[in-house]
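Okay, so here's the structure we're looking at.
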Amino acid sequence: MTMPRSRLARRRAATPLGSALLGSPDDSPGIQRVRVQMLATILLLVTNAVGACIVAALVSVVIPGPNILATKFALVNFIVAPVYVATAFLVGGTWATKTAVRKLNWAIEDRQPTRAEQLDALLMPWRLTAIEALLWTVGAIVLTTAVGFVETRAIPKVAFTIAFAGAMVCAFSYILCEFAMRPIAAKALEHGEPPRTGVAGMTGRAVLAWILGTAVPVTGLMTIAIFSFLHYASPNQLAVSILAIGGLTIIFGFMLAMLGTRATVDPIRSVIHGMAKIERDEPESHVVVFDGTEVGELQMGFNRMLDGLEERERIRDLFGRHVGQDVAEAALRRNPGLGGAELTVAVFFIDIIGSTAIASSRPPQEVVTLLNQFFDIVVDEVDKHGGFINKFEGDGALAIFGAPAELSDPAGNALASARAIRRRLESEIDDCDAAVGVAYGTAVAGNIGARRRFEYTVIGDPVNEAARLCDLAKTDGSLALASYDAVSAAGPDEAKHWVVEDEVTLRGRSAPTRLARPKH
């Protein structure tokens with residue numbers, strides 16, 4: 001039964017270190033230490049045990065030469081070899097554990113590593129592999145010497161077999177140690193990229209794959225050919241040897257290739273999951289950097305890119321809060337310059353009544369809280385009706401409808417917004433009256449100021465008229481006045497909520513303005 005693709009993707013995404021066996025980077029240092037130590041110990045013991053079995057099989061059955069199972073080799077088979085294998089397991093395990101604890105003490109203490117300690121953490125798989133290589137080399141020397149005392153012709157056979165199995169074991173040990181050490185590598189890489197080692201990396205993995213997949217089996221086959229010249233081997237024996245070496249190469253070469261590919265794909269997959277989370281706009285899209293090779297640099301680069309995107313988004317959001325989202329979007333789409341264009345817009349101006357008395361009779365913090373509640377309502381309703389706040393002026397605000405974003409009914413939107421604000425102020429904020437004036441007409445909208453510092457604004461008669469209407473509305477019972485032009489330009493659904501009445505000549509204007517008030 002195949003697991004659904006989405007479910008499999010979620011499971012992989014839930015393992016930030018690439019495998020559920022490795023837990024999470026958020027685990028406590030104690031839990032991480034136990035997990036890493038147990039995993040590394042089990043993997044290395046199993047790998048070396050398999051290597052020892054391969055040596056026994058190759059020496060006894062596969063490789064041409066003297067019969068190692070003969071009685072004369074009993075001392076080697078039943079005393080020297082078992083004693084050395086047991087000693088190697090004990091010495092290797094103790095040596096590797098002490099080395100890891102000494103070099104990774106910073107992770108146990110849960111403190112920030114130095115640059116040298118970072119490097120030690122990433123080189124730990126190589127150090128553990130070097131310990132194994134040394135023990136296998138010593139084993140080759142001890143066993144070939146022991147065999148040589150019995151029969152010198154068996155020395156090449158034993159030496160080649162141990163070298164062949166040792167190369168496979170060391171290659172697997174490095175890949176598996178690198179896997180088990182991911183939580184430690186992730187902790188080390190949390191504090192920046194360490195200096196390049198010149199040893200670890202994709203090249204090292206490729207060399208290991210070449211050694212096991214090409215160099216060792218080809219050398220093995222060449223060695224068997226040489227044995228056939230030195231010691232007679234029947235065609236059947238040669239066939240068995242070639243098939244055995246080829247079969248081991250295919251099986252273990254495939255396994256090493258899969259492990260090496262997984263080691264490379266896991267960090268790449270984490271970046272892919274991170275990109276998917278960004279597309280879904282999910283928080284915490286950073287990936288855990290656990291690879292010390294060039295692929296780890298890709299993970300770090302992704303996190304740096306994400307930091308830049310988040311910073312840009314914060315600046316963009318802050319920019320939009322200051323100038324309005326529409327103005328911000330327009331500025332980001334093209335390079336803004338000075339100048340403006342004539343547009344037909346609706347404008348409303350709103351101002352708190354008695355703000356001077358409020359400021360003088362209440363504590364400053366209370367006044368600020370009141371203003372914030374007031375502007376929350378104003379901004380919310382302006383946004384809902386497609387306008388944008390062009391200016392906050394102390395206890396008042398100027399809103400524009402129809403610029404910079406076009407609206408099908410700017411006058412209707414402005415009038416509806418004014419009525420909604422008045423309703424909400426009456427029901428949501430006590431002791432806060434505000435007057436609204438709405439005007440409609442042609443104005444110049446654009447960037448006004450100097451080349452190094454300018455702002456988007458609207459200048460023209462509708463702005464002045466809206467401000468005067470707001471002043472007049474403070475003494476009007478409705479607290480909301482609009483010009484006849486605004487009501488006549490509005491759609492019928494909104495115009496029906498307004499009553500057109502008398503004419504007045506507003507301060508600073510020569511032509512009379514016909515007023516409209518909302519129906520109650």
Side-chain angles (χ1 to χ4, degrees), residues 44-96 98-99 128-174 211-212 215-249 252:
L44 293 181
L45 286 176
V46 170
T47 302
N48 282 274
V50 171
C53 293
I54 290 175
V55 170
L58 292 179
V59 168
S60 59
V61 178
V62 176
I63 305 300
N67 183 11
I68 301 298
L69 297 179
T71 305
K72 60 182 178 179
F73 290 104
L75 181 64
V76 176
N77 293 332
F78 297 107
I79 297 179
V80 177
V83 169
Y84 181 79
V85 170
T87 303
F89 272 103
L90 179 62
V91 171
T94 303
W95 188 2
K98 288 186 175 180
T99 300
L128 297 181
T129 303
I131 292 174
E132 290 206 347
L134 178 60
L135 292 174
W136 276 85
T137 302
V138 172
I141 295 172
V142 170
L143 293 178
T144 52
T145 301
V147 168
F149 280 117
V150 179
E151 184 173 346
T152 56
R153 291 185 309 159
I155 291 177
K157 175 178 180 177
V158 173
F160 162 75
T161 304
I162 296 177
F164 178 82
M168 287 195 300
V169 168
C170 289
F172 275 99
S173 294
Y174 171 73
I211 288 174
L212 187 58
V216 171
V218 170
T219 303
L221 294 175
M222 293 173 63
T223 304
I224 291 174
I226 293 173
F227 285 161
S228 67
F229 288 121
L230 299 177
H231 307 282
Y232 173 76
S234 66
N236 288 338
Q237 190 174 17
L238 286 176
V240 169
S241 300
I242 292 172
L243 288 174
I245 297 295
L248 289 174
T249 301
F252 291 107

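Quantities reported herein were computed from a predicted structural model and do not represent experimental measurements.
Applying the salt bridge (charged side-chain N to carboxylate O under 4.0 Å, His left out) test to every pair with at least one member in residues 79-92, sequence neighbours left out, gives no pairs at all. Applying the salt bridge (charged side-chain N to carboxylate O under 4.0 Å, His left out) rule to pairs touching residues 67-96 yields Lys72-Glu151, sequence neighbours excluded. For the side chain to side chain donor-acceptor pair (under 3.5 Å) condition, the pairs that include at least one residue of residues 44-58, sequence neighbours left out, are Asn48-Glu132, Asn48-Trp136.
Nearest approach of Ile155 to Val147, heavy atoms of both residues: N-CG1, 4.4 Å. Listed here is the closest heavy atom pair of Ala96 and Ile131: CA-CD1, 4.0 Å. Scanning all heavy atoms of the two residues, the minimum distance from Ala165 to Gly51 falls at CB-O, 3.8 Å.
Interatomic distance, CD1 of Ile162 versus OG1 of Thr137, reported as 10.0 Å (0.5 Å rounding). Separation of atoms CG (Leu44) and OG1 (Thr129) is listed at 7.5 Å; rounding is to 0.5 Å.
Panel note: side chain Thr144, backbone Ile141; a donor-acceptor pair is recorded below 3.5 Å.
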Distance-only check: which donor-acceptor pairs under 3.5 Å involve side-chain atoms of residues 79-86, not counting sequence neighbours?
from  : atom 1 : to     : atom 2 : distance (Å)
Tyr84 : OH     : Leu135 : O      : 2.4
Tyr84 : OH     : Gly139 : N      : 3.0

